[in-house]
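What follows is a set of notes on a single structure, which appears directly below.
We name chains A, B, ... by the order of the sequence lines, and we start the count at 1 in each one. Everything quoted here is computed from the prediction, not taken from an experiment.
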Amino acid sequence: MPIIQELLRDNYSFEQAESIQIKYHNLITQALKNNYINNFELIETIVGVDISYFKKGNYEYGIACAVIWNLNQKTKIGHYFTKDRINFPYKPGFLGFRECKMLAKVILKIPDKPDIIMCDGHGKIHPKRFGEAVHLGYALNIPSIGIAKNPFIGYSEWHKIEKIKGKKSPIWAEDPKTLTEKQPNELLGYAMCLNDGSKPVFISEGYKTNLDIALKISFYTSTAHRQPEPLYLANFFSRKEVNNHI
DNA sequence: GCGACAG
DNA sequence: ATCTTGTCGC
């Protein structure tokens with residue numbers, strides 16, 4: 001499947017952006033799930049992506065970093081940067097339209113296509129089930145997962161999680177307290193602690209992945225920080241690159 | 001209607 | 001996200 005340019009433009013109105021989220025979410029719902037990643041053992045390389053921002057004159061710019069990570073060796077293989085002007089304003093629910101254009105650009109610099117994208121933002125935990133991780137994975141046709149540092153929608157007892165690596169709590173679309181046993185609910189993701197002593201992060205599936213895979217990858221790429229190492233490093237390098245640039 | 005709201 | 005002073009803990 002080719003790259004979907006419609007998902008990589010950043011000059012939509014909020015109304016147009018929302019209808020695109022609905023359109024592609026509907027397509028995901030209709031899609032066959034037999035080409036999803038469902039075997040953790042087959043994942044070799046992960047790319048963690050993040051953007052740091054700065055202002056110059058009246059304009060806002062971002063520097064994106066993509067960190068390539070080998071899952072088995074637990075090592076960084078390399079990293080890439082790209083710089084661009086930011087056009088789309090920040091608005092909760094529309095982060096993908098602000099960041100995916102540049103994130104796609106930096107990912108396409110990687111010589112060997114990574115098996116999975118790790119995003120600093122939500123995936124399915126989104127009003128239209130189309131958070132940045134879903135958005136980016138769909139645009140590039142690469143499986144993806146979302147790992148955010150703050151909650152967005154949904155109900156969970158994340159504040160009760162012990163700060164012990166692996167401890168987790170589900171995030172539901174509806175408040176379980178207001179539902180009876182047999183009423184349906186939707187599991188959006190999990191809040192999980194990835195390092196002893198750290199606050200939890202908010203993990204959800206992106207594109208062509210399931211929640212189980214998202215949790216396993218998050219767990220096994222975490223070593224010394226609150227976030228998985230590929231995201232921690234992408235944030236560290238992009239921040240450093242901004243500081244060097246000014 | 002009002003406030004909250006990923007990065 | 002970014003800016004930014006003081007403060008707490010390892």
Side-chain angles (χ1 to χ4, degrees), chain A residues 7 10 14 17-18 21 25 48-67 81-107 117-139 144-156 158-159 163 171-173 175 188-192 194-207 214 218 224-228 230-246:
Chain A
L7 287 170
D10 60 0
F14 292 131
E18 185 174 340
Q21 291 176 338
H25 172 252
V49 288
D50 192 29
I51 299 175
S52 290
Y53 294 90
F54 64 97
K55 280 176 183 167
K56 196 169 186 175
N58 294 317
Y59 294 125
E60 189 177 19
Y61 297 83
I63 293 179
C65 181
V67 169
F81 293 110
T82 196
K83 189 190 99 173
D84 256 323
R85 243 186 76 190
I86 302 292
N87 295 308
F88 203 91
Y90 172 71
K91 186 175 181 178
F94 298 93
L95 184 62
F97 292 95
R98 178 170 165 84
E99 295 197 328
C100 283
K101 184 180 178 182
M102 187 160 36
L103 293 179
K105 194 171 166 184
V106 75
I107 286 172
I117 298 168
M118 185 181 271
C119 248
D120 185 8
H122 291 290
K124 193 182 172 184
I125 302 170
H126 181 276
K128 297 287 183 290
R129 309 295 179 264
F130 207 80
E132 173 170 284
V134 182
H135 190 142
L136 183 60
Y138 203 143
S144 61
I145 64 174
I147 301 164
K149 296 180 293 300
N150 289 291
F152 190 14
I153 64 159
Y155 298 82
S156 84
W158 63 271
H159 49 281
K163 292 181 175 177
I171 300 163
W172 298 100
D175 188 351
L188 296 179
Y190 270 88
M192 183 157 85
L194 294 178
N195 194 51
D196 290 354
S198 295
K199 292 203 304 184
V201 294
F202 300 83
I203 301 170
S204 59
E205 58 189 62
Y207 182 62
S218 303
H225 302 94
R226 184 191 175 197
Q227 295 171 289
L231 283 186
Y232 172 83
L233 291 173
N235 177 265
F236 180 83
F237 288 139
S238 64
R239 185 68 254 167
K240 198 168 76 170
E241 196 68 9
V242 164
N243 289 334
N244 289 341
H245 200 273
I246 298 174

**Report entry** A:Asn150 side-chain N/O to B:dG7 phosphate OP1/OP2 under 4.0 Å
**Finding:** yes
Query raised in the report: Within this structure, what is the CD1-to-C1' distance between A:Ile51 and C:dA1, rounded to whole angstrom?
Result: 10 Å
Query raised in the report: To the nearest Å, how far apart are A:Tyr59 OH and C:dA1 C1'?
Result: 21 Å
**Report entry** A:Ser156 side chain vs A:Ile171 backbone, donor-acceptor pair below 3.5 Å
**Finding:** no
Query - Rounded distance in Å - CD (A:Gln21) to C1' (B:dA6) - result: 12 Å
Query raised in the report: Can a salt bridge be assigned to the pair A:Asp50 and A:Arg239 using a cut-off of 4.0 Å between side-chain N and carboxylate O?
Result: no
Query - A:Phe152 ring center near A:Phe202 ring center (under 6.0 Å) - result: no
Query - A:His122, nearest nucleotide to its side chain (from C:dT2, B:dA6, B:dG7) - result: B:dA6
Query raised in the report: Are A:Tyr61 and A:His245 close enough that their ring centers fall under 6.0 Å?
Result: no
Report task. Take the protein atom CD of A:Glu60 and the nucleotide atom C1' of C:dC3, then report the distance between them rounded to whole Å. Result -> 14 Å
Requested in this report: Report yes if at least one side-chain N or O of A:Ser52 is closer than 4.0 Å to OP1 or OP2 of C:dT2; otherwise report no.
Outcome: yes
Query - Nucleotide B:dC5, atom C1' - distance to CD1 of A:Ile125 in whole Å - result: 14 Å
Query raised in the report: Could you give the CG-to-C1' distance, from A:Leu231 to B:dA6, as a whole number of Å?
Result: 13 Å
Report summary line: Between CD1 of A:Ile153 and P of B:dG7 the distance, given in whole Å, is 14 Å
Report summary line: Tested for salt bridge (Lys or Arg N to Asp or Glu O under 4.0 Å) against A:Asp10, the lone hit among A:Arg98, A:Arg85, A:Lys101, A:Lys105 is A:Lys101
**Report entry** Aromatic centroids of A:Tyr207 and A:Phe130 separated by under 6.0 Å
**Finding:** no
Report task. Give a yes/no answer on whether the side chain of A:Lys149 brings an N or O atom under 4.0 Å of OP1 or OP2 in B:dA6. Result -> no
Query raised in the report: Within the distance-only criterion (no hydrogens, no angle test), does the side chain of A:His122 pair as donor or acceptor with the backbone N or O of A:Asn150 below 3.5 angstrom?
Result: yes
**Report entry** Nearest-angstrom distance from the residue atom CZ of A:Arg226 to P of B:dA6
**Finding:** 13 Å
**Report entry** Residue-level proximity of residues 88-104 of chain A to DNA chain B when a heavy atom falls under 4.0 Å
**Finding:** A:Tyr90, A:Pro92, A:Gly93, A:Phe94, A:Leu95, A:Arg98
